[in-house]
Every structure is written in C-alpha cells, then in structure tokens.
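In this text the structure is predicted, and so the values were computed from the model without any measurement.
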Amino acid sequence: MRPDIAPVAAALGERLVTEIVPELTGFRAGNASMIGAMLKMISEEWDRAASRLVEENAAIRQILGCAAKLLGDDRLAVEAGAQDHDIRISALEASNDHLRVELIALHTMVEQAGGEEMRELENAIWRELAASVE
C-alpha cells in the first residue's frame with residue numbers, strides 16, 4: 001500500500017489539532033498545535049512542490065538567458081540552457097538554490113549598470129522574486 005501523502009498529512013494535522021491539543025496544556029499544547037498546523041501546510045505544499053519548482057527554475061533560466069544575450073556571457077548561456085532532468089523535490093530544490101545564487105549575482109551586477117535594457121532586466125528579476133514568494 002502506498003499512502004497518499006497530502007490527504008494523510010492533512011488528516012493527521014486535523015486530528016492532532018482537534019483531538020489531541022484540547023487534552024494538553026501549556027507548552028505541550030502549543031507544540032502539538034504547531035505540529036498540526038505544519039502537517040496541514042505540508043499537505044498543501046506536497047502536491048504542488050515539483051510543479052512550482054520547475055516553473056520557478058524555468059523562469060529564472062529565461063531571465064539568465066536574456067542576460068546572457070544582452071551581456072554576451074557564455075557562462076550564463078550555459079546556465080540558461082540547463083534543464084531539470086531529475087524531478088525529485090530535493091534535486092529541484094538544489095537546482096533552484098543554485099539558480100537563485102546566479103540570479104542574485106546577476107541582480108547585483110544589473111543594479112550597478114546603466115541603460116534601459118539593464119532596467120528592463122532588473123524589473124524582470126524583481127517580478128520573478130515577487131512571484132516566487134506569493
């Protein structure tokens with residue numbers, strides 16, 4: 001049997017909050033309530049995590065690709081052309097972390113540069129950063 005993670009985590013979180021927390025007091029009640037809330041959050045994130053990470057990675061790569069063309073930067077072009085072949089969450093997160101380091105470095109450089117194209121690139125970076133925290 002393979003458990004369906006999202007509904008199981010949601011049910012466990014709900015059961016913890018509605019059945020167990022009322023029987024506890026003080027610090028233990030607070031901890032159990034927090035664990036229940038975290039289980040519910042895990043259930044919500046579980047189903048969309050891979051899709052969200054693939055989308056974010058693609059959006060960052062698109063920005064890096066625009067920057068590579070604008071700057072004539074072969075290294076950025078390689079980063080932009082990479083793909084996520086391993087779709088395990090841990091691999092997608094590692095790729096996302098790496099791409100964000102690249103994006104932050106690019107953002108620092110773009111902020112210090114002049115020109116309309118750089119402002120457009122900076123705006124694209126800000127839009128992606130804002131979208132990623134929604």
Side-chain angles (χ1 to χ4, degrees):
M1 181 180 119
R2 184 181 61 88
D4 195 352
I5 302 299
V8 169
L12 290 173
E14 183 65 25
R15 190 168 187 187
L16 188 60
V17 169
T18 60
E19 295 178 21
I20 296 173
V21 169
E23 302 296 322
L24 302 173
T25 60
F27 187 72
R28 288 184 176 156
N31 275 347
S33 183
M34 181 201 57
I35 292 167
M38 292 298 295
L39 282 168
K40 289 179 184 180
M41 289 170 54
I42 288 168
S43 76
E44 291 171 8
E45 180 62 16
W46 180 265
D47 190 42
R48 69 184 185 112
S51 176
R52 178 185 54 79
L53 287 163
V54 167
E55 288 173 12
E56 284 181 14
N57 291 352
I60 294 171
R61 286 186 179 110
Q62 182 177 12
I63 292 169
L64 296 178
C66 290
K69 289 176 187 171
L70 183 64
L71 302 169
D73 188 320
D74 292 338
R75 190 188 65 76
L76 282 179
V78 169
E79 293 288 348
Q83 294 184 13
D84 293 314
H85 296 289
D86 186 345
I87 58 171
R88 289 176 298 150
I89 300 299
S90 59
L92 291 170
E93 285 178 337
S95 180
N96 189 268
D97 291 344
H98 172 75
L99 288 167
R100 288 191 177 282
V101 167
E102 294 293 332
L103 187 66
I104 290 166
L106 174 63
H107 194 193
T108 300
M109 186 196 66
V110 167
E111 281 185 325
Q112 296 170 358
E116 183 61 30
E117 291 175 320
M118 291 296 176
R119 294 298 63 82
E120 290 175 18
L121 188 55
E122 182 181 12
N123 288 335
I125 292 169
W126 277 117
R127 282 191 301 273
E128 173 51 32
L129 292 173
S132 71
V133 296
E134 287 182 358

- So, do L71 and M118 sit near enough that their side-chain heavy atoms are less than 4.5 Å apart? yes
- D73 side-chain N/O to L76 backbone N/O, donor-acceptor pair under 3.5 Å: yes
- Do E79 and H98 touch side chain to side chain, with heavy atoms closer than 4.5 Å? yes
- Task: Check whether any side-chain heavy atom of R100 sits under 4.5 Å from a side-chain heavy atom of L129, and report yes or no.
- Result: yes
- Query: Are there more than 12 heavy atoms of other residues, nucleotides or ligands under 6.0 Å from atom CD of E45?
  - Reply: yes
- Task: Give a yes or no on this: more than 12 heavy atoms of other residues, nucleotides or ligands lie within 6.0 Å of atom CZ of R48.
- Result: yes
- Message: Side chains of S95 and R61: any donor to acceptor distance under 3.5 Å?
- Response: yes
- So do the side chains of C66 and E120 get within less than 4.5 Å of each other, counting heavy atoms only? no
- Message: Test of understanding: with side chain to side chain contact (heavy atoms under 4.5 Å, CB included), list the residues that count as partners of D47, not counting sequence neighbours.
- Response: none
- Message: Taking side chain to side chain contact (heavy atoms under 4.5 Å, CB included) as the definition, give me every residue that meets it alongside S51, ordered by chain and number, with sequence neighbours left out.
- Response: E55
- Does any non-hydrogen side-chain atom of D97 lie less than 4.5 Å from one of V101? no
- What are the two closest non-hydrogen atoms of I89 and A49, and how far apart are they? CD1-CB, 3.7 Å
- Task: Give a yes or no on whether I87 atom CD1 has more than 12 heavy-atom contacts from other residues, nucleotides or ligands under 6.0 Å away.
- Result: no
- Query: With no hydrogens and no angle check, is any side-chain donor or acceptor of N123 less than 3.5 Å from a backbone partner on R119?
  - Reply: yes
- Message: Around atom CD of Q62, are there more than 12 heavy atoms from other residues, nucleotides or ligands closer than 6.0 Å?
- Response: no
- Any idea which heavy atoms bring I63 and A124 closest together, and the distance? CD1-O, 3.6 Å
- Audit row: L92, E56, side chain to side chain contact (heavy atoms under 4.5 Å, CB included) steps and yes/no: CA-CA 10 Å; L92 291 170; E56 284 181 14; over 6 Å; no
- Would you mind checking if R75 and E102 are paired as a salt bridge, meaning a charged N to carboxylate O distance below 4.0 Å? yes
- Exam field: side chain T18 to backbone E14, donor-acceptor pair closer than 3.5 Å: yes
